[in-house]
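A short worksheet on the structure shown next.
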Amino acid sequence: MKIKITSKTHVKPNKPILGKQQFQLTTFDLPYLAFYYNQKFLLYKFQNPLDLEEPTFQNNVVEKLKDGLSSVLEDFYQLAGKLAKDDEGVFRVEYDADDEEINGVEFSVAEAPDVSVGDLTVEDGTSKLEEFVPYSRISNLEGLSRPLLVIQVTKLKDGLAMGLALNHAVLDGTATWHFMSSWAEICRGAKTISTQPFLDRAKARDTRVKLDLTAPKDPNAGDGAAEPPQLVEKVFRFSDSAIHTIKSRANSAIPSDGSKPFSTFQSLTSHIWRHVTLARGLKPEDITVFTVFADCRRRVDPPMPEEYFGNMIQAIFTGTAAGLLAAHGPEFGASVVQKAIVAHDARVVDARNEEWEKSPKIFQFKDAGVNCVAVGSSPRFKVYEVDFGWGKPETVRSGSNNRFNGMMYLYQGKAGGISIDVEISLEAHVMEKLEQSKEFLLIEEEDGKSLSNGNGNANGNGLV
């Protein structure tokens, strides 16, 4: 795909932020310093072709986005800053309008006149998206000398592709989509944002943690053994009715221990965990781990506001023998997931933080666990409501960063309701088996005829 960068500028808050603002990174932030920048990709189709002609595109689209960005950065000014650390190795995010080394948010404009929205909507992998989303394989630690937010807007044949890279040591998914919805709100004409970010990180955790980090670490690095496997990516789109079917099957057996019914999240993720484990062909005694990067805003005591700006996530781990997961019905895996999530209360969150502060460990992908299925992002994020004034996105995806064997990202489905899109990365032979699993895809047979529409998705109560 021929893509040409036509301009690159930097955007700062519209009104200067007085004084030097410093916010120490917390125990919730620091483990992700060696991860890559978090990448998001949003695709918009323009209904009026005249919006893509010049100078209309520059004046009505590009400048509108930049003006809205400079306005919303008055509230989210940490994203216009940089990472820094003191002589003891304590990291912080800082913004100083008088610091010439702080350039603000990097904003690039590109054009790909031969690429249509449809060309990118059907793409399951991320290789073709890399030119549209900046900062592939750039470590968060490089935020010491790079912008914390990088945006690329690409004019397509019939729409716009927006690629973003956000420093994951500075903010998590909840804060990311709060920022995105606020930016879009300003671009649609609001004078101020409806929900202010809560910027005081010290309220979440104020322990000074000293880290001896001078160069980016590769999150893919192992113990010097084999190279990480080659992975393929796939998007499975679970319709509203498919989610209802999965949830009802998980809840068909009433728990004997009096636990609550399984949630949509617990039902769907355990469904995926079980079928990925089957597709991997593990031995019955092999352990498989389920990991979810869970929001802790409401878990801590006292709870933090939903608008807290930063990371407030912790990895929750659980696991079982592959044979047990395979032999039992869907309620078994859902129960394992549910128990782990329920047990991760304020006491566990604090204990994990205290343990990490005594012996800090920067995360690598292998820390997610053996034979793992790991979950990031959340279908709770209203990603299809990010409307800058020309309609809702056609699709929302993650970029190529921070993907490893078994990693999946959950997004709200564009179809609405409780539909959910699942992006997952697996070894090719495992993905092939998963795509052929009628039980996983919820493909039923009626009089010998499959309800599948032939491309791995199912009609009716299957995938769409």
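Here, residue 1 is the first one in the sequence, and each next residue gets the next number.
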Under 3.5 Å, is there a donor-acceptor pair between the [X] and [Y] side chains?
| X | Y | result |
| --- | --- | --- |
| Q21 | E94 | no |
| S70 | D67 | no |
| N251 | S248 | no |
| Q314 | N353 | yes |
| Q152 | T154 | yes |
| N167 | Y37 | yes |
| T195 | E307 | no |

Could you please spell out the steps behind the salt bridge (charged side-chain N to carboxylate O under 4.0 Å, His left out) verdict for R280 and E427? CA-CA 9 Å; R280 282 172 168 163; E427 294 177 272; 5.7 Å; no
Parallel, tilted or perpendicular, judged at 30° and 60°: which one describes the rings of [X] and [Y]?
| X | Y | answer |
| --- | --- | --- |
| F23 | Y77 | tilted |
| F365 | F35 | perpendicular |
| W183 | F388 | perpendicular |

Test D172 against R297 for salt bridge (charged side-chain N to carboxylate O under 4.0 Å, His left out), laying out the working first. CA-CA 11 Å; D172 61 12; R297 285 168 175 78; 2.9 Å; yes
Do [X] and [Y] have side chains that approach each other closer than 4.5 Å (heavy atoms only, starting at C-beta)?
| X | Y | value |
| --- | --- | --- |
| T264 | F238 | no |
| K12 | L73 | no |
| W390 | D51 | no |
| I420 | R237 | no |
| P13 | Y95 | yes |
| F76 | S182 | yes |
| L426 | L434 | yes |
| L156 | V117 | yes |

When rounded to the nearest 0.5 angstrom, what distance separates [atom1] in [X] from [atom2] in [Y]?
| X | Y | atom1 | atom2 | result |
| --- | --- | --- | --- | --- |
| D387 | S181 | CG | OG | 12.0 Å |
| L410 | L268 | CG | CG | 6.5 Å |
| R274 | T277 | CZ | OG1 | 9.5 Å |
| M312 | L171 | CE | CG | 14.0 Å |
| F293 | S377 | CZ | OG | 12.5 Å |
| Q436 | L441 | CD | CG | 10.0 Å |

Evaluate whether atom [atom1] of [X] has more than 12 neighbouring non-hydrogen atoms of other residues, nucleotides or ligands under 6.0 angstrom away.
| X | atom1 | answer |
| --- | --- | --- |
| E54 | CD | yes |
| K64 | NZ | yes |
| L50 | CG | yes |
| K203 | NZ | no |

Is it the case that K392 places NZ or CZ above or below the six-membered ring of Y384, under 6.0 angstrom from the centre and within 45 degrees of the axis? no
Would R201 pass as a cation-pi partner of F309, given that its NZ or CZ must be under 6.0 Å from the six-membered ring centre and within 45 degrees of the axis? no
Please find the pair of heavy atoms, one from [X] and one from [Y], that lie closest to each other, and give the distance.
| X | Y | value |
| --- | --- | --- |
| L148 | L79 | CB-O, 3.8 Å |
| L65 | V153 | CD1-CG2, 3.9 Å |
| V133 | L164 | CG1-O, 3.7 Å |
| N140 | L33 | CB-O, 3.4 Å |
| I418 | D240 | N-OD2, 2.8 Å |
| G333 | W273 | O-CZ3, 4.1 Å |

Would you please test R137 and E142 for salt bridge (charged side-chain N to carboxylate O under 4.0 Å, His left out) and show each step? CA-CA 11 Å; R137 288 169 291 282; E142 296 188 50; over 6 Å; no
Which is it for D421 and Q412 under the side-chain contact (heavy atoms from CB on, under 4.5 Å) test, yes or no, and what are the steps along the way? CA-CA 6 Å; D421 291 348; Q412 172 190 37; over 6 Å; no
side-chain contact (heavy atoms from CB on, under 4.5 Å) assessment of Q196 paired with I193: CA-CA 7 Å; Q196 291 288 324; I193 62 175; 3.6 Å; yes
Let me see the working for F440 and H271 under ring pair (Phe, Tyr, Trp, His ring centres under 6.0 Å), right down to the final yes or no. CA-CA 7 Å; F440 172 69; H271 173 80; 5.3 Å; yes
Can you check whether [Y]'s main-chain N or O pairs, donor with acceptor, with [X]'s side chain at less than 3.5 Å?
| X | Y | value |
| --- | --- | --- |
| N59 | T56 | no |
| D29 | T26 | yes |
| S425 | N405 | no |

Step by step, work out the salt bridge (charged side-chain N to carboxylate O under 4.0 Å, His left out) result for E432 and K234. CA-CA 10 Å; E432 183 178 1; K234 176 77 177 178; over 6 Å; no
Checking E423 now: which residues fulfil side-chain hydrogen bond (donor to acceptor under 3.5 Å, both in side chains) with it, not counting sequence neighbours? R397, R403
Not counting sequence neighbours, which residues clear side-chain hydrogen bond (donor to acceptor under 3.5 Å, both in side chains) with Y411? List them please. K40, S398
Pair E233-T126, side chain to side chain donor-acceptor pair (under 3.5 Å): steps then yes or no: CA-CA 7 Å; E233 298 143 354; T126 57; 3.0 Å; yes
Please step through side-chain contact (heavy atoms from CB on, under 4.5 Å) for the pair V276 and M408, ending with a clear verdict. CA-CA 11 Å; V276 168; M408 62 177 168; over 6 Å; no
side-chain contact (heavy atoms from CB on, under 4.5 Å) between L160 and M162, worked out: CA-CA 6 Å; L160 175 147; M162 178 182 289; 4.1 Å; yes
